[in-house]
Structures are given as structure tokens and as C-alpha cells.
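Before any comments, here is the structure.
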Amino acid sequence: MVNNEEHLNKVFQALADPTRRRILSHIARQDASVGELAEPFSISAPAISKHLKKLESAGLINRMKEGKTHRFRLNTQPLQNAETTIKQLTSFWMQRLANLESFLNKAQKS
Amino acid sequence: METTPSLSLLEIRKTLSADRQTVFNALTKPEQLNQWMYAMDEGSAQVDMDLRVGGKYSVAMINPAAETVATPYGEILEIDPPNKLSMTWITDGFVAHSILTFELREVGEGTELTLRHELPDPAIEAHNGGWNTCLQNLETLLK
């Protein structure tokens with residue numbers, strides 16, 4: 001359980017960076033290599049590699065070795081987990097705010 | 001002070017039939033927070049809050065068997081009574097660096113409360129579409 005939670009944090013941290021989200025969107029459309037990503041993003045290959053490592057470590061992409069070239073493919077599972085967490089958090093706050101409303105209504109009556 | 005641009009996880013709006021100061025008190029006074037921050041009928045909350053910028057708070061959520069099920073905690077970032085309250089929101093090992101913000105707006109006799117949960121990221125432009133857009137875009141691409 002703790003591992004799942006720590007993993008989720010990694011996912012959120014990986015996704016919190018806008019460049020990484022754009023890279024991920026690109027990979028979601030089509031598997032890509034570092035070289036293929038460096039060009040459209042006008043970012044150096046080492047910088048792209050750094051972003052890819054973060055995404056890979058969060059499990060958002062998988063690395064496939066084709067000879068010397070490494071290609072990257074989207075893994076949707078962590079995104080689905082993140083979405084589930086946001087839904088849980090939303091439902092947590094909806095419940096709290098419903099409580100707040102009852103509390104305020106009771107306080108006004110007394 | 002300019003707030004740090006961030007990635008929105010969720011935003012909820014709710015209209016309450018109480019004035020802003022009353023709502024602000026319910027958000028900041030521990031003895032009132034204790035009464036609604038956990039399931040009202042089947043548990044309680046024990047809130048400690050040092051209400052000043054940089055002050056710490058914690059919310060122990062206690063179930064009917066008197067066990068603490070979770071204790072979110074954090075630090076107050078901004079206090080602007082009765083308009084705004086912002087704090088870091090940390091649950092150990094889970095959504096570690098989120099920012100929780102309550103904003104209160106007068107609507108007729110009542111108050112519109114906006115609750116936002118965000119992930120801080122200085123690199124994100126303020127007009128960025130945010131988290132949900134990101135997920136939706138990816139989902140669309142996957143179909």
C-alpha cells in the first residue's frame with residue numbers, strides 16, 4: 001500500500017512538469033526514440049533523456065530496446081491510478097463540504 | 001503576493017447559506033473544524049491549527065473505534081479573512097506536496113466557497129489547462 005502511494009507521488013511529480021506532459025502526449029500518439037523527441041521539442045537529447053528517465057521511473061512509459069535504439073511506449077496504468085486518486089480526493093472533499101453545510105445550518109438554528 | 005502557478009488536481013464550488021465570516025470561522029477555528037472535518041455521525045476530527053502564515057496544522061481523523069485513520073497536516077501559506085485561506089496539504093506517502101486553497105465570495109445572503117487542490121510547479125504557465133485537460137487529452141489519444 002505504502003509502495004503504491006509512493007509510486008503515485010512519483011507519477012504526480014513526473015506529470016507536474018509541462019514539458020514532460022507534452023513529451024508524454026507525443027509518446028501517447030506514437031512510440032518514439034530520444035532522437036525523434038529531441039527534434040520537435042527543440043530540446044537537447046540529454047535533456048530529453050532526463051525527462052524520459054523521470055517518466056520511466058514513474059512507470060508512465062516503457063523502454064524497448066531495438067538494437068542500439070531505445071524506443072519509448074506509453075503505459076496507461078499509472079494514469080488510471082492517478083485518476084482514481086483524484087476521484088477519491090474529490091469525493092473526500094464533497095463529503096467534507098456536505099458536513100460543513102450541515103454544521104453551518106445547525107449552528108444557525110441554535 | 002503572486003501565488004506560484006500550479007497544476008490543478010480538483011476544484012469544487014459550493015454555495016453555503018452563511019456569511020463569509022461565519023464560513024471563515026468554520027474553516028479556521030479548531031473547535032468548529034472538529035465538528036465537520038470527519039464523518040459527522042460516525043467519527044470525529046481532532047484539529048490543531050496555529051493560524052498564522054507559516055503556522056502548522058494537523059487534522060487527525062478518528063473513527064468510531066477511536067482509531068486515528070489518517071492525519072493530514074501542513075503549513076498555512078496565506079490568510080486573508082474572510083476571503084481566502086491557503087495551506088500545504090500533506091498525507092504521508094500520498095499526494096505529498098499539494099496545496100489546498102479555500103476562497104470565499106459573497107453571493108446574496110450566502111457565500112460561494114471554492115476549494116482547490118493543486119500541485120505546485122513554478123514551471124507551469126498560469127493559463128495552463130491543468131490536470132484534467134492533460135488526462136482527457138491522453139485518454140482521447142488512446143481511443
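Since we're looking at a predicted model, the values are computed, not measured. Lettering follows sequence order; numbering is per chain, from 1. These numbers come from the heavy atoms of this one structure, side chains and all, not from hydrogens, waters or symmetry mates.
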Is [Y] reachable from [X] through a run of I, L, V, M, F, W or Y residues, each pair having side-chain heavy atoms under 4.5 Å apart?
| X | Y | answer |
| --- | --- | --- |
| A:F103 | B:I62 | no |
| A:M64 | A:I48 | no |
| B:V23 | B:V107 | no |

Atom [atom1] in [X], atom [atom2] in [Y]: separation rounded to 0.5 Å?
| X | Y | atom1 | atom2 | result |
| --- | --- | --- | --- | --- |
| A:L100 | B:Q32 | CG | CD | 9.5 Å |
| B:L9 | A:T85 | CG | OG1 | 9.5 Å |
| A:Q108 | B:D19 | CD | CG | 8.0 Å |
| B:Y38 | A:Q95 | OH | CD | 10.5 Å |
| B:L33 | A:N99 | CG | CG | 11.5 Å |

Specify whether A:W93 and B:H117 have parallel, tilted or perpendicular ring planes, treating 30° as the upper limit for parallel and 60° as the lower limit for perpendicular.
tilted
Heavy atoms of other groups near [X] [atom1], more than 12 under 6.0 Å:
| X | atom1 | answer |
| --- | --- | --- |
| B:E31 | CD | yes |
| A:R73 | CZ | no |
| B:Q21 | CD | yes |
| B:E75 | CD | yes |

Chain A contact via B:L113 - side chain, backbone, both or neither, heavy atoms under 4.5 Å:
side chain
Over all atoms of both residues, closest heavy-atom pair of B:M37 and A:R96
O-CD, 3.1 Å
Looking at A:T90 and B:I12, what are the two nearest heavy atoms and their distance?
O-CD1, 3.8 Å
Donor-acceptor pair, distance only, cut-off 3.5 Å: does the side chain of A:E101 make one with the backbone of B:K14?
no
Between A:L104 and chain B, with a heavy-atom cut-off of 4.5 Å, which part of the residue counts as in contact: side chain, backbone, both or neither?
side chain
